[in-house]
Engineer: 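Below you'll find the structure I mean.
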Amino acid sequence: GLPRRFAILDSDDQRSLLGRAVKELELDPRAFPAREVQARISAAANRGHGPAQLAHADQAGPEVSRIWERYIALKGEAGGVDFDDMLALTLDLLRRDPEVQRSVQQRCRFLLVDEFQDTNHLQLELLRRAVGPERSLTAVGDEDQSIYRWRGAEVENILSFEKVFPGAT
């Protein structure tokens with residue numbers, strides 16, 4: 001559903017569209033600063049959630065969910081995707097189309113992930129789909145150096161590595 005030459009939205013682009021969404025929904029921008037809304041949306045997206053799940057998160061959830069829905073529409077109008085979309089849309093494609101998944105697995109015969117302790121849920125799921133039957137994956141990380149929890153990193157990913165990738169050494 002993306003244009004052939006879609007735009008990749010940086011943080012400034014995202015905040016601009018979020019500010020526009022807040023304004024269009026006639027919400028108070030002081031109550032919903034773009035930077036904070038962006039962080040909440042990104043955190044939810046990186047857990048694999050969408051606007052519906054965010055709506056039930058807390059007291060501000062329904063409004064942030066509405067902002068997110070409008071933000072999605074504005075990105076579509078602009079023909080753009082943000083970083084979270086790049087992960088989520090790719091994962092969705094791999095889940096929906098086994099042929100695409102096989103093609104990716106054949107092309108990515110050997111994968112290396114550095115700073116594995118800083119991966120989030122979406123990244124782990126994407127990696128699981130991209131790794132082929134040979135499971136030629138090298139992951140480097142140290143759970144004691146997990147510093148990006150605020151950005152959605154889940155140290156549990158490295159702690160459960162051998163469970164997620166059985167036979168790993």
Side-chain angles (χ1 to χ4, degrees), residues 1-18 35-54 57 68-69 71-169:
L2 294 172
R4 186 163 184 78
R5 296 196 174 271
F6 61 89
I8 298 174
L9 306 174
D10 64 19
S11 294
D12 291 336
D13 298 328
Q14 291 173 306
R15 285 191 292 273
S16 176
L17 288 180
L18 286 165
R35 187 177 301 271
E36 289 178 25
V37 171
Q38 178 187 18
R40 290 194 58 192
I41 289 172
S42 183
N46 282 294
R47 286 190 303 275
H49 297 162
Q53 289 96 341
L54 188 58
W68 192 357
E69 289 171 349
Y71 172 62
I72 292 169
L74 291 170
K75 287 187 296 184
E77 292 170 16
V81 296
D82 58 28
F83 182 72
D84 298 329
D85 292 331
M86 289 190 285
L87 295 174
L89 292 171
T90 303
L91 179 58
D92 183 56
L93 178 61
L94 294 178
R95 284 177 173 155
R96 285 185 296 111
D97 193 327
E99 192 58 41
V100 171
Q101 182 175 350
R102 272 191 296 282
S103 175
V104 168
Q105 290 174 343
Q106 289 170 352
R107 291 183 68 200
C108 301
R109 291 191 45 231
F110 301 96
L111 293 173
L112 167 68
V113 179
D114 194 13
E115 305 295 346
F116 194 86
Q117 75 277 0
D118 294 327
T119 58
N120 62 42
H121 176 77
L122 275 183
Q123 292 166 333
L124 179 63
E125 288 301 311
L126 188 57
L127 185 60
R128 287 176 58 178
R129 296 279 176 167
V131 170
E134 300 90 27
R135 295 202 184 271
S136 297
L137 170 67
T138 300
V140 179
D142 179 352
E143 66 267 18
D144 292 333
Q145 293 185 25
S146 181
I147 59 172
Y148 290 107
R149 189 164 198 84
W150 58 272
R151 199 178 69 189
E154 297 180 20
V155 72
E156 294 80 18
N157 289 352
I158 195 168
L159 297 176
S160 63
F161 184 83
E162 291 169 321
K163 181 179 174 187
V164 174
F165 299 100
T169 56

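FYI, side chains are in, hydrogens and waters are out, and symmetry mates aren't considered; it's all heavy atoms of this structure.
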Engineer: Just distance, no hydrogens or angles: give the donor-acceptor pairs under 3.5 Å from side chains in residues 104-114, sequence neighbours left out.
Structural biologist:
| unit_1 | atom_1 | unit_2 | atom_2 | d |
| --- | --- | --- | --- | --- |
| Q105 | NE2 | R129 | O | 3.0 |
| Q105 | NE2 | V131 | O | 3.1 |

Engineer: Kindly write out the residues that satisfy side chain to side chain donor-acceptor pair (under 3.5 Å) with R15, not counting sequence neighbours, or none if the list is empty.
Structural biologist: D12, Q38

Engineer: Of all heavy-atom pairs between L94 and Q101, which one has the smallest distance, and what is that distance?
Structural biologist: O-OE1, 3.3 Å

Engineer: Write down the atom of A44, the atom of W68, and the distance for their closest heavy-atom approach.
Structural biologist: CB-CZ3, 3.8 Å

Engineer: Does some side-chain heavy atom of V164 sit less than 4.5 Å from a side-chain heavy atom of N157?
Structural biologist: no

Engineer: Please report the closest heavy-atom contact between L74 and L17, naming both atoms and the distance.
Structural biologist: CD1-O, 3.4 Å

Engineer: Would a distance-only check, ignoring hydrogens and angles, find a side-chain to backbone donor-acceptor pair under 3.5 Å from D92 to A88?
Structural biologist: no

Engineer: Nearest 0.5 Å, please: how far is CG in L87 from CG in L122?
Structural biologist: 5.5 Å

Engineer: Write out all pairs satisfying ring pair (Phe, Tyr, Trp, His ring centres under 6.0 Å) with one or both partners inside residues 114-141, taking only residues at least two apart or from two chains.
Structural biologist: F116-F161

Engineer: Let me confirm one number: the CG-CD1 distance from D85 to I8, rounded to the nearest 0.5 Å.
Structural biologist: 10.5 Å

Engineer: Residues two or more places apart in sequence or in another chain: which of them pass ring pair (Phe, Tyr, Trp, His ring centres under 6.0 Å) with F6?
Structural biologist: none

Engineer: Taking all atoms of both residues into account, what is the closest heavy-atom pair of D84 and A45, and its distance?
Structural biologist: CB-CB, 4.1 Å

Engineer: Kindly compute the distance separating CZ (F83) from CG (D10), expressed to the nearest 0.5 Å.
Structural biologist: 13.5 Å

Engineer: Are there more than 12 heavy atoms of other residues, nucleotides or ligands under 6.0 Å from atom CZ of R35?
Structural biologist: no

Engineer: Would you give the length of the straight line joining atom CG of L93 to atom CD of E99, rounded to the nearest 0.5 angstrom?
Structural biologist: 11.5 Å

Engineer: Does any non-hydrogen side-chain atom of Y71 lie less than 4.5 Å from one of D82?
Structural biologist: yes

Engineer: Mind checking the CD-OG1 spacing from E125 to T90? Nearest 0.5 Å is all I need.
Structural biologist: 14.0 Å

Engineer: Between L127 and T119, does a side-chain contact (heavy atoms from CB on, under 4.5 Å) hold up when you go through it step by step?
Structural biologist: CA-CA 10 Å; L127 185 60; T119 58; over 6 Å; no

Engineer: Can you tell me how far CG of L91 sits from CD of Q123, rounded to the nearest 0.5 angstrom?
Structural biologist: 11.0 Å

Engineer: For D13, what residues pass the side chain to side chain donor-acceptor pair (under 3.5 Å) criterion, not counting sequence neighbours?
Structural biologist: none

Engineer: Let me have the donor-acceptor pairs involving side chains of residues 136-143, under 3.5 Å, with sequence neighbours excluded, atom names and distances please.
Structural biologist:
| unit_1 | atom_1 | unit_2 | atom_2 | d |
| --- | --- | --- | --- | --- |
| D142 | OD1 | D144 | N | 2.9 |
| D142 | OD2 | Q145 | NE2 | 3.4 |

